[in-house]
Every structure is written in structure tokens, then in C-alpha cells.
2 protein chains.
Amino acid sequence: MQNSEAMALSAALLAVAGELTRRIHDGVVARGFEGVRPAHGFAFTRLAPDGATVTDLAAHLGVTKQAASQLVDELVRKGYAERRPHPGDARARLVVLTESGWACTRAAEEAVAEVVRTWGGVLGEADVRALREALLRITPDGPIRPAW
Amino acid sequence: MQNSEAMALSAALLAVAGELTRRIHDGVVARGFEGVRPAHGFAFTRLAPDGATVTDLAAHLGVTKQAASQLVDELVRKGYAERRPHPGDARARLVVLTESGWACTRAAEEAVAEVVRTWGGVLGEADVRALREALLRITPDGPIRPAW
DNA sequence: AATATATGGTCAACTTACTTGACCATTTTC
DNA sequence: GAAAATGGTCAAGTAAGTTGACCATATATT
């Protein structure tokens with residue numbers, strides 16, 4: 001592969017990722033959820049199943065636990081999450097989504113589906129599937145990190 | 001396409017984009033360029049051919065011209081760019097890369113090539129090509145924006 | 001069992017990378 | 001030639017992270 005082709009791949013990947021983020025955000029806002037930032041979405045995916053501790057969240061997001069705690073403060077203030085006592089560890093607290101938090105999560109999923117549908121319109125179903133499979137194979141482990 | 005498949009695609013795309021950014025940054029640092037942020041790379045790609053004005057740069061990056069100006073201040077302070085009078089418009093200034101700026105650009109290109117090579121090792125050349133073509137077809141116009 | 005160390009969490013202060021608002025110099029429009 | 005638009009900067013404010021200090025509880029050491 002030529003150097004310029006690698007650069008084109010890199011630029012396209014980053015541009016598409018930026019556009020995806022923007023359109024998810026717009027879609028969530030369009031569904032009536034304001035004051036939500038992209039970073040909150042990644043917190044939601046970690047909180048969604050059964051809740052998580054602030055420390056879990058910090059590791060998932062790749063930030064300090066202080067930053068994660070401030071983010072939880074914000075989610076609580078906006079009514080998307082709440083802190084509950086942690087069963088079995090009196091130091092810890094379990095952060096869980098409220099009903100509003102679940103609704104916002106569903107809105108984000110709808111927004112994602114909408115964007116992917118437009119990609120399907122351009123590429124066709126088979127190529128979208130191939131894109132997904134290729135990306136899954138090169139997906140790294142480790143914390144979710146902003147693309148820049 | 002199922003909703004969960006769309007979510008998997010979205011998550012993989014964002015994770016790969018974040019990892020790419022991180023590895024480019026690491027590669028540039030490993031080649032001896034310190035104090036460079038990912039955002040500088042996008043500025044470099046705009047400045048590279050013939051230079052650009054601060055306003056051009058702001059549009060390219062999707063930020064205010066004040067922010068672009070501050071970013072140029074930083075690049076100048078670090079020796080990667082310089083402000084020259086603009087030929088044909090005495091209001092404007094042409095921001096161009098210094099030799100050090102070009103060297104840093106080349107280092108970033110090498111780092112990108114290195115990452116894409118590892119993807120080639122996992123996917124094979126044909127699938128990397130297909131990935132590039134698919135991404136190019138869904139690449140949006142407009143300013144480069146952070147993925148979150 | 002008692003003590004030492006590690007872990008979960010928060011408070012406070014600081015930093016960074018942006019923003020908005022005001023303003024000046026030059027260019028373009030009419 | 002005057003009015004409006006454009007390129008750029010200065011200054012101050014804001015958002016989202018950081019580091020450092022600290023407390024409460026849990027785990028490990030002896």
C-alpha cells in the first residue's frame with residue numbers, strides 16, 4: 001500500500017468518525033435530550049447493564065476518577081443517573097441510569113441506526129456488513145478514547 | 001441490519017478512530033517531536049501544500065478564527081510554522097510550515113503508514129483496500145471535527 | 001486481633017483549549 | 001468616496017479535564 005493511500009484511509013476514517021459523532025449528537029438533541037455531550041454516551045454504555053462504580057467508569061473512559069465523578073455529578077444533576085449505595089462494599093457507590101437515562105440511551109441507539117441506514121443507502125447492505133466485520137477485527141482493547 | 005449490529009459498527013468505528021489517533025501521536029513523539037497535539041496534525045495537512053490564512057484554517061478545523069490564531073501562535077512558538085505577509089492582501093497573513101513542520105508532517109505520515117501496515121497484517125491487503133474504499137464513499141464534506 | 005496498606009470516593013485548586021465580545025486595518029461594494 | 005465586509009488580534013470568560021490532599025472502608029500482614 002502506498003503512503004498516500006494509507007493517509008487517505010486515515011483521513012477518511014477520522015472524518016467519518018467525527019461525522020458519526022456529530023450526527024448521533026444531533027439525533028439525540030432532535031429527540032428532546034439537551035445538554036448531553038458525546039462523552040456521556042460512552043458513560044451510558046458502561047452504566048447501562050447493571051450500573052457501575054465511578055472507578056469502573058473512569059477506567060472505561062480513560063480518565064481520572066475525579067473526572068468520572070464530575071461527569072456523574074453532571075448526569076445526576078440532569079436527571080439521567082443516580083448514585084445508590086453499593087451492595088457489599090460500603091466505600092463504593094453504584095451509579096445507575098434513571099428512566100430518563102434509559103430513554104436517552106434508546107434515543108442514541110435510534111440515531112445510530114439512522115446514520116448506519118444512510119451508509120447502507122450509499123454502500124449497500126453487503127458492504128456495510130463487510131465494513132463492520134473489518135472494523136471489529138481491528139478494534140483494540142482498552143479504554144474508549146476520544147479520536148482527538 | 002439489526003439495531004445491535006449498527007451499535008457494534010458505531011462502537012468499533014469510534015474505538016478504531018481513537019486508537020488510530022493515539023498511535024499516530026505516539027509514533028510522532030517516538031520520532032522526537034514533542035508538544036504536538038492531534039489537532040496540530042489537522043492543521044499541518046491544511047498548511048502543507050502552500051500555506052493558509054488563519055481564517056482558512058479555522059474553517060478547515062471547524063473552530064473560531066481566534067482559536068485557530070491561538071493554535072498558530074503555539075505552532076510558531078514551537079518552531080513548526082511561521083507567519084508571513086500575504087502576497088496581494090495586506091490584511092491577511094500566510095501561515096506556512098517551517099522545515100521542522102515539514103519534518104513533523106513526514107513523521108506523522110510514517111506513523112500512519114505503520115498503523116495501516118498492522119491492519120494489513122490482520123485483514124490482508126484486499127480487505128484494507130475495501131475498507132478504504134468504503135470509508136471514502138461515506139466521507140462527509142465540511143470541516144474536520146473531533147470524534148468527540 | 002491489631003495494625004498497616006490498599007482501594008473507592010470526594011473536595012479544592014489549577015490547566016488547557018476552546019468560546020464570546022470588542023476592536024483595528026485593509027479590502028470590496030455601491 | 002463612504003459604507004459595509006473581511007482578515008486578524010487582544011482580552012476575558014467557560015468547560016472539561018488535571019494533580020494533590022484527604023476521609024472512610026476494605027484487605028493484607030503479622
| Around A:Arg31, counting heavy atoms of other residues, nucleotides and ligands shown, do more than 12 lie under 6.0 Å from its CZ? |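 Enclosed: over 12 neighbouring heavy atoms sit under 6.0 Å from CZ of A:Arg31.
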Rounded to whole Å, how long is the line connecting atom [atom1] of [X] with atom [atom2] of [N]?
| X | N | atom1 | atom2 | result |
| --- | --- | --- | --- | --- |
| A:His60 | C:dG8 | NE2 | P | 17 Å |
| A:Arg83 | D:dA24 | CZ | P | 18 Å |
| B:Leu75 | C:dA17 | CG | C1' | 13 Å |

| query | Is there a residue in residues 22-32 of chain A whose heavy atoms reach under 4.0 Å of DNA chain D, and which residues are they? | reply |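 Contacts with DNA chain D under 4.0 Å: none.
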| task | Establish, with yes or no, whether the OP1 or OP2 oxygen of C:dG9 is under 4.0 angstrom from a side-chain nitrogen or oxygen of A:Thr53. | result |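 Yes, because at least one side-chain N or O of A:Thr53 sits under 4.0 Å from OP1 or OP2 of C:dG9.
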| query | Between A:Ser69 and C:dG9, is there a side-chain N or O to OP1/OP2 distance below 4.0 Å? | reply |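 So the side-chain polar atoms of A:Ser69 never come under 4.0 Å of the phosphate oxygens OP1 or OP2 of C:dG9.
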Any ion pair linking [Y] and [X] (charged N to carboxylate O, less than 4.0 Å)?
| X | Y | value |
| --- | --- | --- |
| A:Asp56 | A:Lys65 | no |
| A:Arg145 | B:Glu19 | no |
| A:Arg77 | A:Glu74 | no |

Report yes if the side chains of [X] and [Y] come closer than 4.5 Å at any heavy-atom pair, otherwise no.
| X | Y | result |
| --- | --- | --- |
| A:Asp127 | A:Trp119 | no |
| B:Val95 | B:Glu82 | no |
| B:Leu13 | A:Leu13 | yes |

Find every protein N or O atom lying less than 3.5 Å from an N or O atom of nucleotides 24-30 of chain C, and list the pairs.
residue : atom : partner : partner atom : Å
C:dT27  : OP1  : B:Ala90 : N            : 2.9

List, one per line, each side-chain donor-acceptor pair under 3.5 Å for residues 129-136 of chain A, sequence neighbours excluded.
none

| said: Against A:Leu14, only a single residue in B:Thr21, B:Thr139, B:Ile144 fulfils side chain to side chain contact (heavy atoms under 4.5 Å, CB included); can you say which? | reply: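 So, applying the side chain to side chain contact (heavy atoms under 4.5 Å, CB included) to A:Leu14 and each of B:Thr21, B:Thr139, B:Ile144, only B:Thr21 qualifies.
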| query | Counting N and O atoms only, with roles assigned by atom type, does the side chain of B:Thr53 sit under 3.5 Å from a partner on the main chain of B:Ala92, one being a donor and the other an acceptor? | reply |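 No, B:Thr53 side chain to B:Ala92 backbone: no donor-acceptor pair under 3.5 Å.
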| Can you list the other members of the hydrophobic cluster that holds A:Val29, where links are side-chain heavy atoms under 4.5 angstrom apart? |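 When side chains under 4.5 Å apart are linked, A:Val29 ends up in no cluster with other residues.
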| message | Testing the basics here: between A:Phe33 and A:Ala107, what is the closest heavy-atom pair and its distance to 0.1 Å? | response |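 Heavy atoms only, the tightest pair is CE1-CB, 3.7 Å.
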| request: Starting at CZ of A:Arg91, measure out to OG1 of A:Thr55 and round the result to the nearest 0.5 Å. | output: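 Going from the CZ atom of A:Arg91 to the OG1 atom of A:Thr55 covers 9.0 Å.
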| query | What bend angle does the helix from C:dA1-D:dT30 to C:dC30-D:dG1 show across its length, from five-pair end axes and to the nearest 10 degrees? | reply |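 Inter-axis angle at the ends, rounded: 30°.
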| field | Sugar-phosphate or base contact per nucleotide [nucleotides 10-23 of chain D; S, B, -; heavy atom under 4.0 Å] | value | B-----SBBBB---
